[in-house]
> 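Provided herewith is a single structure, encoded as structure tokens, for subsequent inquiry.
Just the heavy atoms: all of them, side chains too, but no hydrogens, waters or symmetry mates, feed the values below. All values derive from a computational prediction rather than experimental measurement.
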Amino acid sequence: MLTLERAKQLLASATTEEHLLLHAKNVSVAMGGMAKFFGENEEHWMAIGHLHDYDYEQHPEEHLQHTAQPLLAAGLTEEEVRAILAHGYGHCNDVEPITDLEKSLFTVDELTGIIQAAARMRPLGITDMEVSSFMKKFKDKKFAAKCDREVIKQGCTLLGMEVKDVAAICIEAMKAYAEELQLAPRTL
């Protein structure tokens, strides 16, 4: 089973850009929250989340087309690789998210981008962020415009959950890692 430590090693071997590493951390932490919600192995889900953009820095135009073979060769299982591939459903490939793990990764990949952007605008970062505050930003299509809200909505539909409920899980999980995610209160 993929561990978080191994996922960090693998991602570090293919990724150097700080913003991509930070995104990996955000998705990883949110996936831990989703695993807890579903009663699954938090570290394993965090590891999958951390590694989800394994080939992105080297192949941004062919994202997820250079993922399966290297990760299988590195010892990941078919199920783990499939979970990573499924986050590209509809825009990079046709691997449909079926399991709760796959559906969660598909959803939180984009969702964490909006949460992160919203938290950065707040004096106390994510530490005091409420879901209602997030939802205002979510509804403003100009805010964090690169984050695909339709993908988030589609993912929530696949999960059978409301956007606000998935966001609440992710925000709570991310609060515990505010410092590491660079979302802690700003100091003057």
> Once side chain to side chain contact (heavy atoms under 4.5 Å, CB included) is applied, do any residues pair with Glu80, and if so which ones, sequence neighbours excluded?
Met1, Leu2, His44, Ile48, Leu76, Thr77
> Ignoring hydrogens, what is the shortest heavy-atom contact between Met46 and Val29? Give both atom names and the distance.
CE-CA, 4.1 Å
> Are Tyr89 and Val151 joined in one hydrophobic group, where the rule is that I, L, V, M, F, W and Y side chains link up if heavy atoms are under 4.5 Å apart?
yes
> Does some side-chain heavy atom of Leu111 sit less than 4.5 Å from a side-chain heavy atom of Cys170?
yes
> Would you say the side-chain atoms of Glu57 pair up with the backbone N or O of Thr16, donor to acceptor, closer than 3.5 Å?
yes
> Nearest 0.5 Å please: distance from the CG atom of Leu11 over to the CZ atom of Arg6.
12.0 Å
> Report yes if the side chains of Val27 and His50 come closer than 4.5 Å at any heavy-atom pair, otherwise no.
no
> Within the distance-only criterion (no hydrogens, no angle test), does the side chain of Lys175 pair as donor or acceptor with the backbone N or O of Met129 below 3.5 angstrom?
yes
> Work out which heavy atom in Thr67 is nearest to a heavy atom in Pro70; give both atom names and the distance.
O-CD, 3.3 Å
> Do the two ring centres, one from His52 and one from His63, sit under 6.0 Å apart?
no
> side-chain contact (heavy atoms from CB on, under 4.5 Å) between Lys164 and Phe134: does it pass, once the steps are laid out?
CA-CA 8 Å; Lys164 65 181 176 55; Phe134 164 81; over 6 Å; no
> Checking the side chain of Asp55 only, and the main-chain atoms of Gln65 only, is there a donor and an acceptor separated by less than 3.5 Å?
yes
> Under 3.5 Å, is there a donor-acceptor pair between the side chain of Asn26 and the main chain of Leu22?
yes
> Write down the atom of Cys156, the atom of Val166, and the distance for their closest heavy-atom approach.
SG-CG2, 3.7 Å
> Let's go through Glu96 and Phe106 carefully: what are the C-alpha distance in whole Å and the side-chain angles of both, what is the deciding distance for side-chain contact (heavy atoms from CB on, under 4.5 Å) to 0.1 Å, and is it a yes or a no?
CA-CA 9 Å; Glu96 185 175 358; Phe106 179 81; over 6 Å; no
> I'd like to know if the side chain of Glu102 reaches the main chain of Thr99, judged simply by a donor and an acceptor atom lying under 3.5 Å from each other, with no hydrogens or angles considered.
yes
> Give the intermediate values and the outcome of salt bridge (charged side-chain N to carboxylate O under 4.0 Å, His left out) for residues Glu5 and Lys8.
CA-CA 5 Å; Glu5 193 54 44; Lys8 288 178 180 180; 5.1 Å; no
> Would Leu21 and Leu183 show up in the same hydrophobic cluster when neighbours are defined by side-chain heavy atoms closer than 4.5 Å?
yes
> Is Thr15 reaching over with its side chain to a backbone N or O of Ala12, donor-acceptor style, under 3.5 angstrom?
no
> Counting only heavy atoms not in Glu162, do more than 12 fall under 6.0 Å of its CD?
no
> Taking all non-hydrogen atoms of both residues into account, name the closest pair between Ala74 and Leu10 and its distance.
CB-CD2, 3.7 Å
> What do you reckon, is CD of Glu78 surrounded by more than 12 foreign heavy atoms closer than 6.0 Å?
no
> If two hydrophobic side chains count as joined below 4.5 Å and joins carry through other members, does Leu158 share a cluster with Phe37?
no
> With no hydrogens and no angle check, do the side chains of Glu43 and Thr3 hold a donor and an acceptor under 3.5 Å apart?
no
> I'd like to know if Leu51 and Leu85 are part of one continuous hydrophobic network [Ile/Leu/Val/Met/Phe/Trp/Tyr, side-chain heavy atoms within less than 4.5 Å].
yes
> Looking only at side-chain N and O atoms, does Arg122 offer a donor or acceptor that is under 3.5 Å from a partner on Ser133?
yes
> Under 3.5 Å, is there a donor-acceptor pair between the side chain of Glu40 and the main chain of Trp45?
no
> Within the 3.5 Å criterion, strictly below it, is a donor on His91 or Asp148 matched to an acceptor on the partner's side chain?
no
> Please check: side-chain N/O of Arg149 versus main-chain N/O of Phe138, any donor-acceptor pairing under 3.5 Å?
yes
> Should we say atom CD of Glu180 is surrounded by more than 12 heavy atoms from elsewhere, each under 6.0 Å from it?
yes
> Can you check side-chain contact (heavy atoms from CB on, under 4.5 Å) on Phe38 and Ser104, steps first, answer last?
CA-CA 10 Å; Phe38 285 111; Ser104 294; 3.6 Å; yes
